[in-house]
Peer 1: 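My questions all concern the structure below.
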Amino acid sequence: MARKNFVASAIWLLLFVIFYIMSDTMLKEQIQFYPKLICIFGAALSIILALQTHFKRAKSEDSSPIWEYDNSQTKKLALTILLISIYVFLIIKIGFLITSIVFMFALIHLMGSEGNIKVELAVSVLFPSVIYFVFVYLFKFSLPTGFLI
Amino acid sequence: MWDAILLGISNAFSFNNILAAFAGTFLGIIIGGLPGLTPTMGMAVLIPLTYGMDTVWALIFLVGIYAGCFYGGSISATLINTPGTPAAAATALDGYPMTQKGMAYEALTESACASFWGGALSFIALIFLSPALATFSLRFGFEEKFWMAFFGICIIASLSTKSMVKGLISGTFGLFLAVVGRDIMYGFPRFTFGIPSLTGGIPLVPALIGLFSIPQIFYLITNKSKFIVDWDALEKVKNSRPTLKDLFRYPIIYLRSALIGIIVGIIPGAGGNVASFIAYNQSKMYSKNREEYGYGCREGIASSEAANNAVTGGSLIPMLTLGIPGNAVTAVLLSALILHGLQPGISLFTEHAEMTYTFFVGFLVANVFMLLIGVFGAKYFAKLALTPTNILAASILVLSIVGSYAIKGSMIDVYIMLAFGAIGFFLKMFKFDTTPAILGLILGNMAEEGLRQSLLFSHGLFGFFKTSITRPISLVLILLTLLSLFIPLIQMKTSKKTNIM
């Protein structure tokens, strides 16, 4: 945990410093005080986290890695992120319903099929269809439409 | 007040409100019964369903989900020894041993009855304490507003997370995110980068959906859990019938545990899990059968379930009156309240009194549905735990995209949701709780307005602190804030002593 905390406190400190500089350069003078105050508070807490971790480290074993996922989990995460990116890109080109059906089936199937492919297909078709019906016809909301629905 | 309550009763029994209470409770039990889905995430992704609803209908629907989730968690805790929600952890201590003894039906019925009493008694507290606290909030000036918001974040940071410093960093990050949008005093844009969607601040619902659903989707995809269901026990459940005696079996335990749940619920930061363990220990202390606790004791289930469901009503009190959500679920509920154009505080009990009391009575109706669904339908919900995690993850993702898009019909909100999903994932990876961040985002404006307005009158930070300690309410809030920051230190000392002993 100690390694994780050191990395986290460094990232937070960097972020709050960046936020402070952004507040200083991007905002008008009258409105800088409050965001800067938050940044100072956040930066101080980040340093406290690092110090606290340093003093506690001697007492605890530091064994947990920063990235806790094994290879297969990492691959699944990467694949999910890729599928989400494609889904969000295509949803405005093709439309919500068709893209969601394809996306759901792809995600369910590629993540390691657990059951019957017919069930997976049925869920992939029915779930987006019900959502589409509820939002578009029942609540009168518009969902992304492309050249299809 | 009585007129408004009577009006609330008559309104709550309209077809739409009854339907909302039933649908919310039903969905809540499903979410609670699915290990891996949290009530907060469930409510965040289901908020979009309320966009097209009337405000009261929407609130009753959401509070039904809230109550249903807390009960639903006990089903999987009892049948497969996996609490569907953290609040049901104490229930598993006796629920699962009862299932092993072939008494799953008794355990499930007790969960439903005790949960009903917890919810019903917290309804009484909600009805009588809320208006009083809302009237009291009228005495709040700018200093009090700031300290109230600051206290809310500090206590959530110290009670709901393992590391107080990490909780505070997460809360501070939330406060900074709340800065995005137009300046509350001068109207200048702050960090909007020319994106029109950001001028009103970071849209709360997409942020909530992203923070709570995306990390959960990743969790479901990377951690596949296989649950074992005892089909023989389920078969026995199917063949059993409830009696009226089940409802009144342990009146003292219901009352005592519900009181604990209400008090814990009112305190921001402590949640259903804290309440159920306190009530469980109290019940064990006063019981004649204390040696049976942990080995399948029905009283144990009664105490933990009455307490964790009483938290639902209790936690609504500070949220509705002071705008301080006591936990992540009420933070989501507060954002729904704001989304539907309402502000917490006295106005809910004056100009919107009819709606508020309809909502309260709807909460009670939801608890009645929870009892009925629990007693007659728990056996059907038990199979939910077998739902493949891939299907859950894909469904949540589609719902998250739709929910973020539908509110404004804008893809920008979808991108904001995904960005918050990434933030939530990294926060979780480094063991930071997301609740203080969302609380910071919600309470940010209240804290900023309180601080900046009082600074105008007190001429600087020193003057602000001086004024704060001379005003009784803000002094009490400062002391409570300090106390909340010292609680973890006290806990640390106590656990060290216990370890030594």
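Values reported hereafter were calculated over all heavy atoms of this structure, with side chains retained and with hydrogens, waters and symmetry mates removed. Convention: sequence-line order gives letters A, B, ...; per-chain numbering from 1.
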Peer 1: Would you call the rings of B:F191 and B:F193 parallel, tilted or perpendicular, taking 30° and 60° as the class edges?
Peer 2: tilted

Peer 1: Using non-hydrogen atoms and a 4.5 Å limit, figure out which bit of A:L83 sits close to chain B: side chain, backbone, both or neither.
Peer 2: neither

Peer 1: Quick one: sort the B:F425 and A:Y69 rings into parallel, tilted or perpendicular, breaks at 30° and 60°.
Peer 2: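 Geometry flag for A:Y69 against B:F425: parallel rings.
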
Peer 1: Using a 4.5 Å cut-off on heavy atoms from C-beta on, say whether the side chain of B:M429 contacts that of A:I66.
Peer 2: yes

Peer 1: Which atoms of B:P189 are under 4.5 Å from chain A, going by heavy atoms: the side chain, the backbone, both sets, or neither?
Peer 2: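 Looking at B:P189, just its backbone touches chain A.
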
Peer 1: Answer yes or no: are there more than 12 heavy-atom neighbours, outside B:K408 itself, under 6.0 Å from its atom NZ?
Peer 2: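 Counting other residues, nucleotides and ligands, NZ of B:K408 exceeds 12 neighbours.
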
Peer 1: Assess whether a salt bridge exists between B:K431 and A:E68, defined as any Lys/Arg side-chain N lying under 4.0 Å from an Asp/Glu carboxylate O.
Peer 2: yes

Peer 1: At a 4.5 Å cut-off on heavy atoms, which part of A:Q30 comes close to chain B: side chain, backbone, both, or neither?
Peer 2: both

Peer 1: Got a salt bridge between A:D24 and A:K36, using NZ or NE/NH1/NH2 to carboxylate O under 4.0 Å?
Peer 2: yes

Peer 1: Between A:N5 and chain B, with a heavy-atom cut-off of 4.5 Å, which part of the residue counts as in contact: side chain, backbone, both or neither?
Peer 2: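 Contact with chain B is through the side chain of A:N5 alone.
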
Peer 1: For B:A422, is it the side chain, the backbone, both or neither that has a heavy atom under 4.5 Å from a heavy atom of chain A?
Peer 2: neither

Peer 1: Mark yes when over 12 heavy atoms from residues, nucleotides or ligands other than B:F26 sit less than 6.0 Å from its CZ; otherwise mark no.
Peer 2: no

Peer 1: If the plane angle is over 60° it's perpendicular, under 30° parallel, otherwise tilted; pick one for A:F19 and B:F176.
Peer 2: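 Parallel: the ring planes of A:F19 and B:F176 meet at under 30°.
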
Peer 1: Could you look at A:L49 and say if it's the side chain, the backbone, both or neither that has a heavy atom under 4.5 Å from chain B?
Peer 2: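 Looking at A:L49, backbone and side chain both touch chain B.
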
Peer 1: Can you tell me which of B:L392, B:L455, B:V402 forms the most heavy-atom pairs within a distance under 4.5 Å of chain A?
Peer 2: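 Result: the option with the highest number of such pairs is B:V402.
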
Peer 1: Between A:W12 and B:F430, is the gap from one ring center to the other below 6.0 Å?
Peer 2: no

Peer 1: For chain A, find which of B:I407, B:V414, B:L49, B:I169 contributes the most heavy-atom pairs closer than 4.5 angstrom.
Peer 2: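 Of the options given, most contacts go to B:I169.
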
Peer 1: Using non-hydrogen atoms and a 4.5 Å limit, figure out which bit of B:F218 sits close to chain A: side chain, backbone, both or neither.
Peer 2: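 B:F218 touches chain A through backbone and side-chain heavy atoms alike.
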
Peer 1: Give, as side chain, backbone, both or neither, the part of B:L427 having an atom under 4.5 angstrom from any heavy atom of chain A.
Peer 2: side chain

Peer 1: So, does B:R182 use its side chain to make a donor-acceptor pair with the main chain of B:T199 at under 3.5 Å?
Peer 2: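 Not confirmed, B:R182 side chain does not pair with B:T199 backbone.
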
Peer 1: Measure distances from A:F105 to the heavy atoms of chain B and classify the residue's part below 4.5 Å as side chain, backbone, both or neither.
Peer 2: neither

Peer 1: Quick one: sort the A:F135 and A:F139 rings into parallel, tilted or perpendicular, breaks at 30° and 60°.
Peer 2: perpendicular

Peer 1: By a 4.5 Å heavy-atom criterion (distance strictly below it), what part of B:R190 contacts chain A: side chain, backbone, both, or neither?
Peer 2: both

Peer 1: Taking side chain as everything from C-beta outward and backbone as N, CA, C, O, which of these in B:I214 sits under 4.5 Å from a heavy atom of chain A? Side chain, backbone, both or neither.
Peer 2: neither

Peer 1: Below 4.5 Å from any heavy atom of chain A, which atoms of B:I401 appear? Answer side chain, backbone, both or neither.
Peer 2: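 Only the side chain of B:I401 comes within 4.5 Å of chain A.
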
Peer 1: Could you look at B:V179 and say if it's the side chain, the backbone, both or neither that has a heavy atom under 4.5 Å from chain A?
Peer 2: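 Only the side chain of B:V179 comes within 4.5 Å of chain A.
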
Peer 1: Can you see whether A:W67 engages A:T74 through a side-chain donor-acceptor pair at a distance of less than 3.5 angstrom?
Peer 2: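 Short answer, yes.
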
Peer 1: Does any heavy atom of chain B fall under 4.5 Å from the side chain of A:V88, the backbone, both, or neither of them?
Peer 2: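 Backbone plus side chain of A:V88, per the 4.5 Å heavy-atom cut-off to chain B.
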
Peer 1: Given heavy-atom pairs under 4.5 angstrom as the criterion, report whether the side chain, backbone, both or neither of A:M26 touches chain B.
Peer 2: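 When you check distances to chain B, only side chain atoms of A:M26 fall under 4.5 Å.
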
Peer 1: Using a cut-off of under 4.5 Å on heavy-atom pairs, state which of A:L15, A:I48, A:I84 scores highest against chain B.
Peer 2: A:I84

Peer 1: Name the member of A:V123, A:I131, A:L138 that forms the most heavy-atom pairs with chain B at distances under 4.5 Å.
Peer 2: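 Among the listed options, the one with the most contacts to chain B is A:I131.
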
Peer 1: Does any backbone or side-chain atom of A:Y132 lie under 4.5 Å from a heavy atom of chain B? Answer side chain, backbone, both or neither.
Peer 2: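 Looking at A:Y132, nothing touches chain B.
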
Peer 1: For the residue pair A:S100 and A:Y87, confirm or rule out a side-chain donor-acceptor distance under 3.5 Å.
Peer 2: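 Yes, a side-chain donor-acceptor pair sits under 3.5 Å.
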
Peer 1: A:A44, A:A106, A:S23, A:G42: which one forms the most heavy-atom pairs within less than 4.5 Å of chain B?
Peer 2: A:S23

